[in-house]
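Order of the sequence lines sets the chain letters (A, B, ...), proteins ahead of strands, with each chain counted from 1. Small disclaimer: the values here were computed from a predicted structure and weren't measured.
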2 protein chains.
Amino acid sequence: MRIAFARPAATDATVTDSDAPTNGSDSDDPSRLRTLDEPTHAEAADHVEAAIDRGDLVTLFGRCTVRYEGRAASTLGPGDRHVMLKPDGAALVHTDEGQQPVNWQPPGGTHEARVEGDHLLVCCRRETPSEVIAVRFERIVQASAFAVSDAETLTLSGTEEDLKRRILDDPAVVESSFQPLATERDTPAGAVDIYGEDADGRPVVLELKRRRVGPDAVSQLHRYVDAVERDLHADVRVRGVLVAPSITDRARRLLAERGLEFVPLEPEPTAPDGDSLVE
Amino acid sequence: MRIAFARPAATDATVTDSDAPTNGSDSDDPSRLRTLDEPTHAEAADHVEAAIDRGDLVTLFGRCTVRYEGRAASTLGPGDRHVMLKPDGAALVHTDEGQQPVNWQPPGGTHEARVEGDHLLVCCRRETPSEVIAVRFERIVQASAFAVSDAETLTLSGTEEDLKRRILDDPAVVESSFQPLATERDTPAGAVDIYGEDADGRPVVLELKRRRVGPDAVSQLHRYVDAVERDLHADVRVRGVLVAPSITDRARRLLAERGLEFVPLEPEPTAPDGDSLVE
DNA sequence: AGCTATATGTCGCAG
DNA sequence: CTGCGACGTATAGCT
């Protein structure tokens with residue numbers, strides 16, 4: 001603990017919420033940060049429980065083990081890690097490496113912190129499917145709680161949706177006289193990205209991908225073309241066109257075997273790079 | 001800042017690393033935690049830069065905007081968020097919701113923190129592909145650095161690998177007299193999970209999935225069966241069997257259309273649930 | 001709640 | 001490095 005003089009005797013006595021030796025801000029400080037450095041397990045448990053109740057985002061630095069059981073099961077021996085508990089029920093355990101958490105829990109679950117023997121136990125549960133993460137801290141270096149408020153939503157470009165718009169805006173980028181008739185056209189095999197007709201009036205199925213495609217995309221297109229041909233149950237041959245920035249060799253071979261086509265196209269026109277994010 | 005008396009005059013004067021008003025631990029304290037609460041931008045910049053140089057895992061709480069440009073591009077307006085910079089070059093920006101970061105950078109990149117106007121700019125770059133995240137803080141509530149050490153690796157069970165072992169241990173779980181001949185057998189379409197022969201000596205291709213399968217898995221199996229049939233270029237018909245816990249209706253239909261088969265099997269025998277993670 | 005497809009997917013492994 | 005497939009994938013949209 002940072003404010004040692006304010007700490008109760010290091011018994012396992014429960015620390016009352018409002019009297020807890022949080023620091024960094026008064027309880028009505030707009031910063032909404034509450035931090036404990038090197039707390040006892042009991043202090044940390046109270047701190048975390050109170051933060052969860054308030055709806056704060058909680059972080060914990062410390063040495064811990066992790067066990068998971070649910071769709072699969074895992075164990076992780078002792079090490080220094082960072083744990084994040086989100087107010088929406090999500091939980092993340094990060095090591096020093098990797099973009100992905102070593103263990104996690106999706107949103108919708110519940111968090112719980114309590115002392116268990118000589119450990120702080122942080123438990124994150126969810127149902128459907130029933131899953132649990134148990135994080136056992138032998139030492140907590142820092143426990144922070146922050147009342148995060150974020151009204152903004154991400155604006156993203158360069159997606160498959162952008163590629164779709166680009167084609168609908170100017171169908172000629174696919175092929176001259178291509179005419180889109182429907183998007184998300186339903187078939188027994190699933191929804192077709194763009195369905196239309198070529199210059200000769202033949203049906204065309206487009207499958208769009210925002211990036212370089214492999215064999216899986218070819219199979220997907222193949223399924224749709226098959227399904228539409230059955231659907232029309234006429235003797236017309238349905239064209240299948242994969243639209244993506246590029247294609248791998250194996251995918252191109254597969255495409256040829258199945259009589260399908262490829263049109264190279266980026267989600268967005270390649271701009272003569274303008275402003276950079278940092279000057 | 002928490003330790004106000006230790007802080008230099010709040011000019012933009014650079015804070016010397018070793019004299020920086022970190023707290024929570026001395027520089028050689030084994031806890032290896034260094035935290036600043038409500039630092040100035042200049043203080044935070046120095047703190048973060050020093051932590052990156054040391055190879056610490058860095059976290060930042062505060063109000064910021066985020067811009068990303070690379071494979072795609074995005075912008076995110078001002079809000080309270082949590083930023084994590086890992087020593088391996090990974091970066092994560094988390095809001096109060098979702099398991100996934102709202103913005104991120106995979107490992108391998110470089111981090112940088114500096115004052116830019118009235119903001120703290122945290123920049124995370126990587127090459128191949130060239131990508132940048134720029135996080136601009138208007139306010140930093142807390143900046144922590146922790147020398148994370150984690151020697152352990154995750155032990156995971158219930159994977160496709162477990163399913164494969166289960167079949168190789170006792171091929172009869174697939175079908176009586178099924179005989180595995182190879183795993184990862186190479187074909188022009190990719191590697192087959194398990195290749196073998198049935199009681200009649202006919203070639204069998206197994207595709208394994210650790211969980212319920214949809215149409216994509218059927219297509220994958222179909223590709224492999226096609227490829228093996230061409231490969232053998234004999235007139236033998238190759239059987240294709242999807243092995244997974246369960247299958248969706250549409251996938252089952254697709255499977256039937258292509259003359260393929262399904263065998264229900266879990267990655268691990270369903271145990272009469274033993275010890276729970278918490279008692 | 002289940003099904004389907006996308007994703008700045010990430011990650012690991014092989015060529 | 002690219003290619004390819006698995007992943008406790010997560011996430012969104014739709015029935």
**Request:** Given side-chain contact (heavy atoms from CB on, under 4.5 Å), test B:Val205 with B:Leu221 step by step and report yes or no.
**Result:** CA-CA 8 Å; B:Val205 168; B:Leu221 174 60; 3.8 Å; yes
**Asked** Counting distance only, does the side-chain N/O of B:His119 pair as donor-acceptor with the main-chain N or O of B:Val135 below 3.5 Å?
**Response** no
**Request:** Using atom types as modelled and distance alone, determine if a side-chain donor or acceptor of A:Asp80 lies under 3.5 Å from a backbone N or O of B:Val148.
**Result:** no
**Item:** d(CG, B:Asp193; P, D:dC4) in whole Å
**Value:** 16 Å
**Asked** Counting N and O atoms only, with roles assigned by atom type, does the side chain of A:Glu112 sit under 3.5 Å from a partner on the main chain of A:Cys124, one being a donor and the other an acceptor?
**Response** no
**Message:** Do B:Arg81 and A:Asp150 have side chains that approach each other closer than 4.5 Å (heavy atoms only, starting at C-beta)?
**Reply:** yes
**Item:** Sidechain-backbone polar pair: A:Tyr224 side chain, A:Val228 backbone, donor-acceptor under 3.5 Å
**Value:** no
**Fill in**
For B:Arg223 and A:Ser219, the nearest pair of non-hydrogen atoms, with its separation, is NH1-OG, 2.8 Å
**Request:** Would you confirm whether A:Lys86, through its side chain, and B:Gly98, through its main-chain N or O, come within 3.5 Å as a donor-acceptor pair?
**Result:** yes
**Prompt:** Separation of A:Gln220 atom CD from D:dG5 atom C1', in whole Å?
**Reply:** 15 Å
**Prompt:** Under 4.0 Å between a Lys/Arg side-chain N and an Asp/Glu carboxylate O for A:Arg211 and A:Glu266?
**Reply:** no
Polar atom pairs between nucleotides 11-14 of chain D and protein, under 3.5 Å, N or O only, would you list them?
| unit_1 | atom_1 | unit_2 | atom_2 | d |
| --- | --- | --- | --- | --- |
| D:dT11 | OP1 | B:Gln99 | N | 2.8 |
| D:dT11 | OP1 | B:Gln100 | N | 2.9 |

**Prompt:** What pairs with A:His94 under ring-ring contact (aromatic ring centres under 6.0 Å, His included), at least two apart in sequence or on another chain?
**Reply:** none
Dump every N/O contact between nucleotides 12-15 of chain C and the protein below 3.5 Å, one line per pair.
none

**Item:** Which atom of B:Leu206 lies closest to which atom of B:Asp193, heavy atoms considered
**Value:** O-CB, 3.4 Å
**Asked** Which pair of heavy atoms, one from B:Tyr68 and one from B:Ile133, lies closest together, and at what distance?
**Response** CD1-CG1, 4.3 Å
**Request:** Ignoring backbone atoms, test whether A:Tyr224 places a side-chain nitrogen or oxygen under 4.0 Å from the OP1 or OP2 oxygen of C:dT4.
**Result:** no
**Complete:** note: A:Glu268, atom CD; C:dT8, atom C1'; distance rounded to Å ~ 12 Å
**Prompt:** salt bridge (charged side-chain N to carboxylate O under 4.0 Å, His left out) with B:Arg258: which residues, sequence neighbours excluded?
**Reply:** A:Asp226
**Integer-rounded Å distance: D:dA10 C1' and A:Gln105 CD** = 13 Å
**Request:** Check DNA chain C against residues 203-218 of chain B and give the residues with a non-hydrogen atom under 4.0 Å, in numerical order.
**Result:** B:Arg212, B:Pro215
**Out of C:dA5, C:dT10, C:dA7, whichever nucleotide has its closest atom nearest the side chain of B:Trp104** = C:dT10
**Item:** A:His82 and A:Phe61 aromatic centres sub-6.0 Å
**Value:** yes
**Message:** By the 4.0 Å heavy-atom rule, please label A:Ser74 as base, sugar-phosphate, or nothing.
**Reply:** nothing
**Request:** Under 4.0 Å between any heavy atoms, over every strand shown, what does B:Glu131 touch: base, sugar-phosphate, or nothing? Just pick one.
**Result:** base
**Asked** Quick check: does any side chain N or O of B:Glu229 sit under 3.5 Å from a backbone N or O of B:Val238, one acting as donor and the other as acceptor?
**Response** yes
**Fill in**
On DNA chain C, more 5' by nearest nucleotide between A:Gly190 and B:Ala73 is A:Gly190
**Request:** Just call it for A:Arg223: base, sugar-phosphate, or nothing, with non-hydrogen atoms closer than 4.0 Å on any strand.
**Result:** sugar-phosphate
**Prompt:** Between D:dT9 atom C1' and B:Leu156 atom CG, what is the distance in whole Å?
**Reply:** 12 Å
**Prompt:** Considering only the C1' atoms, how many Å lie between C:dT6 and C:dT10, rounded to the nearest integer?
**Reply:** 14 Å
**Request:** To the nearest Å, give me how far apart CZ (A:Arg165) and P (C:dT6) are.
**Result:** 16 Å
**Request:** Rounded off to whole Å, could you give me the CZ-to-C1' distance for the A:Arg71 and D:dG8 pair?
**Result:** 4 Å
**Asked** Starting at CZ of B:Arg125 and ending at C1' of C:dT8, how long is that distance when rounded to a whole Å?
**Response** 17 Å
**Item:** 5' priority, DNA chain C, between A:Glu160 and B:Arg126 [closest heavy atom]
**Value:** A:Glu160
**Prompt:** Is there a residue in residues 238-257 of chain A whose heavy atoms reach under 4.0 Å of DNA chain C, and which residues are they?
**Reply:** none
